[in-house]
2 protein chains.
Amino acid sequence: MTVSRTAEKSSEKPADAGKGRKDAGEVQTEALQLGELSEQLGYVLKRAQLKVFENFLRCMASLQLTPAQFSVLLLVEKNPGRNQTEIASTLGILRPNFVAMLDNLESRDLCARIRSTNDRRSHILVLTDKGKAVLARAKKLVATKHEARLNDLLGQANREALIGMLSKIANEF
Amino acid sequence: MTVSRTAEKSSEKPADAGKGRKDAGEVQTEALQLGELSEQLGYVLKRAQLKVFENFLRCMASLQLTPAQFSVLLLVEKNPGRNQTEIASTLGILRPNFVAMLDNLESRDLCARIRSTNDRRSHILVLTDKGKAVLARAKKLVATKHEARLNDLLGQANREALIGMLSKIANEF
DNA sequence: GATATTTGATATGGTCCATAACAATTATCA
DNA sequence: TGATAATTGTTATGGACCATATCAAATATC
């Protein structure tokens with residue numbers, strides 16, 4: 001709906017579009033009023049999500065893992081022996097779109113597709129040793145550089161409350 | 001990263017991928033364990049955002065307004081006389097991408113571009129009478145069918161706390 | 001054993017986001 | 001003043017993500 005996301009380059013920083021008020025003897029237009037927008041759930045939710053993803057990508061730059069890829073590795077680690085359909089649908093990823101994603105992870109030797117002996121249509125997914133190692137490092141980066149930032153910003157109790165409310169929305173809205 | 005969004009058709013409902021456990025005498029594979037995923041800020045944030053947008057679109061079906069379009073109308077109403085660059089950048093929309101969006105709103109007679117007399121490069125944005133009327137109806141729909149749902153789900157106090165925390169993340173993360 | 005279903009895959013189109021480049025206009029400043 | 005730079009809206013274009021239809025191989029169903 002609203003913002004950019006690359007996190008790297010210029011893009012479009014929202015906030016005060018009228019720049020920084022008065023710097024020198026410039027006329028400088030007044031900053032825009034957000035008004036009711038700042039109370040709109042969808043608006044603030046989307047903005048927060050973009051900021052969080054942006055930060056996630058920065059934290060993961062050394063491992064080159066996107067949020068989606070991280071979630072796949074996490075889920076495969078927790079549920080070894082599942083096939084593509086099961087992993088994809090649990091994450092809300094459509095099977096056709098999951099193919100290229102797995103191609104990527106497999107080409108980087110982070111996970112592997114194994115033909116199931118029970119059902120030779122299925123590809124069982126497992127993490128490779130490298131995949132496990134990378135995921136372990138990713139978890140540490142996320143914990144120390146990403147999630148920790150929430151505690152600094154909101155405090156432990158609020159952080160937990162936030163996650164709880166978002167989960168509730170995700171599941172019951 | 002994760003889910004779908006159309007809200008209308010089939011798509012891919014996340015949650016329990018192993019369907020509903022045991023219905024009849026089917027073998028039915030076990031439900032997958034989300035594990036640490038359910039504590040990941042980005043994951044739960046994205047999921048909540050998709051659900052909220054989905055619900056927003058349903059509530060606005062009669063007016064055919066997307067969250068982005070709604071935010072534009074809100075901002076133009078609150079800040080009449082601003083040009084495209086100012087409105088777009090405040091919303092984090094890149095100017096090239098704002099053109100088609102305005103073409104749409106203008107073709108529906110919801111807002112209008114007016115050549116500025118001060119700076120003939122600029123297009124001043126204003127809501128048409130129809131735009132004001134539609135926005136008024138949109139606000140009511142959002143308040144009664146969308147935002148009200150948050151109160152039912154979280155309660156007034158929690159709802160305000162949530163908005164506050166998301167704003168903080170959006171601005172300070 | 002014929003038919004239907006499931007799985008992974010391909011092809012394809014839509015939407016959103018980002019960059020480069022352009023003409024018209026305005027600002028800068030030598 | 002006049003040459004140059006910057007700004008505004010716009011177009012063209014490519015990438016990322018999402019969704020649907022369709023397919024062959026394998027399995028399930030009857």
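These numbers were taken from a predicted model, which means no experiment stands behind them. Worth knowing before you read on, the calculation uses all heavy atoms, side chains too, and leaves out hydrogens, waters and symmetry mates. Letters go in sequence order (proteins before strands), and every chain restarts at 1.
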Self-check item: Inter- and intrachain pairs under salt bridge (charged side-chain N to carboxylate O under 4.0 Å, His left out), touching residues 151-168 of chain A, at least two apart
Solution: A/Glu147-A/Arg159

Quiz item: Tell me, which pairs form a salt bridge (charged side-chain N to carboxylate O under 4.0 Å, His left out) where one or both residues lie in residues 64-75 of chain B, sequence neighbours left out?
Solution: none

What's the separation between atom [atom1] in [X] and atom [atom2] in [Y], rounded to the nearest 0.5 Å?
X	Y	atom1	atom2	result
B/Asn171	A/Arg47	CG	CZ	8.0 Å
A/Met165	B/Leu162	CE	CG	5.0 Å
A/Arg137	A/Leu135	CZ	CG	11.5 Å

Exercise. Compare side-chain N and O positions of A/Arg95 against OP1 and OP2 of D/dT22 and report whether any pair is under 4.0 Å apart.
Key: no

Could you state the atom-to-atom distance from [atom1] of [X] to [atom2] of [N] in whole Å?
X	N	atom1	atom2	answer
A/Asn104	D/dA16	CG	P	11 Å
A/Ile87	C/dG8	CD1	C1'	15 Å
B/Leu50	C/dC16	CG	P	13 Å
B/Phe98	D/dT11	CZ	P	15 Å
A/Leu94	C/dT7	CG	P	14 Å
B/Ile124	D/dT8	CD1	P	11 Å
A/Ile114	C/dG8	CD1	P	13 Å
A/Met101	C/dG8	CE	P	15 Å

Practice problem: Kindly calculate the angle separating the two end axes of the helix from C/dG1-D/dC30 to C/dA30-D/dT1, each obtained from five base pairs, and round it to 10 degrees. | Solution: 20°

Quiz item: So which one's nearest nucleotide on DNA chain C is more toward 5', B/Pro96 or A/Asn83?
Solution: A/Asn83

Proximal nucleotide (of [options]) relative to the [X] side chain:
X	options	answer
B/Arg113	D/dT10, C/dA9, D/dT8	D/dT10
A/Asn97	C/dA18, D/dC18, C/dA9	D/dC18
B/Thr85	C/dG8, D/dG9, C/dA18	D/dG9
A/His123	D/dT20, D/dT8, C/dG8	C/dG8

Quiz prompt | Partners meeting ring-ring contact (aromatic ring centres under 6.0 Å, His included) with A/Phe56 (sequence neighbours left out) | solution = A/Phe70, A/His146

Heteroatom pairs (N/O) under 3.5 angstrom, protein to nucleotides 25-29 of chain D:
from	atom 1	to	atom 2	distance (Å)
D/dA26	OP1	A/Arg120	NH2	3.3
D/dT27	OP1	A/Arg120	N	3.0

Quiz item: Remaining members of A/Val126's ILVMFWY cluster at a side-chain heavy-atom cut-off under 4.5 Å?
Solution: A/Ile114, A/Ile124

Practice problem: Give a yes or no answer on whether the side chain of B/Lys130 reaches the backbone of B/Arg108 with a donor-acceptor pair at less than 3.5 Å. | Solution: yes

Quiz prompt | side-chain contact (heavy atoms from CB on, under 4.5 Å), paired with A/Gln69, selected from A/Val134, A/Leu102, A/Leu105 | solution = A/Leu105

